[in-house]
Amino acid sequence: MELGTKIIGDFGGYGPLWNGEIITVSPAALGAEVKVRWDEGGYTWLDGNEIDAKKGIGYFTEEGYYA
């Protein structure tokens, strides 16, 4: 995970996609934790392993989501 990577949050149903980007990368014991700033103004800390972990609902890189 790198600074500036575009992240998409897809939570299924009829809700809108969340769009944001990684603004902080912090090393952790099992990988990296990243802080995502959403276009709507909020922030979320995520374990890097949660991103692109599966298709369906969850958090994805822009490349992973549209691949």
Side-chain angles (χ1 to χ4, degrees):
M1 296 289 124
E2 298 178 7
L3 292 176
T5 299
K6 301 294 183 186
I7 301 294
I8 295 173
D10 184 353
F11 306 107
Y14 296 103
L17 295 177
W18 291 17
N19 294 288
E21 71 178 76
I22 294 176
I23 60 167
T24 303
V25 177
S26 177
L30 298 175
E33 291 182 337
V34 298
K35 186 176 185 179
V36 177
R37 178 181 60 217
W38 302 107
D39 290 349
E40 294 79 19
Y43 297 90
T44 303
W45 278 97
L46 299 170
D47 183 323
N49 296 326
E50 292 180 74
I51 300 171
D52 288 335
K54 61 180 180 167
K55 290 291 183 187
I57 61 172
Y59 300 100
F60 305 90
T61 61
E62 188 174 55
E63 296 80 20
Y65 187 79
Y66 292 112

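- When each of W18, W45, F11 is checked for a ring pair (Phe, Tyr, Trp, His ring centres under 6.0 Å) with Y59, only F11 meets the rule.
- By the neighbour-count criterion of 12 heavy atoms within 6.0 Å, atom CD of E40 is densely surrounded, having more than that number from other residues, nucleotides or ligands.
- Rounded to the nearest 0.5 Å, atoms CD1 (I22) and CD1 (I7) are 4.0 Å apart.
- Looking at N19, its side chain never comes within 3.5 Å of a backbone N or O of D39 through a donor-acceptor pair.
- Atoms CZ and OG1, on R37 and T24 in that order, are 9.5 Å from each other to the nearest 0.5 Å.
- Of all heavy-atom pairs between A32 and V25, the closest is CB-CG1, 4.0 Å.
- For the atom pair OG1 of T44 and NZ of K35, the computed distance is 10.0 Å after rounding to the nearest 0.5 Å.
- Summarising the geometry of T61 relative to M1, their closest heavy-atom pair is CG2-CE, 4.2 Å, with the distance given to 0.1 Å.
- Annotation: the span from E33 atom CD to E50 atom CD amounts to 9.0 Å, rounded to 0.5 Å.
- A continuous path of ILVMFWY side-chain contacts below 4.5 Å connects L3 to V36, so both sit in one hydrophobic cluster.
- For the atom pair CH2 (W38) and CG (L17), the distance works out to 10.0 Å, reported to the nearest 0.5 Å.
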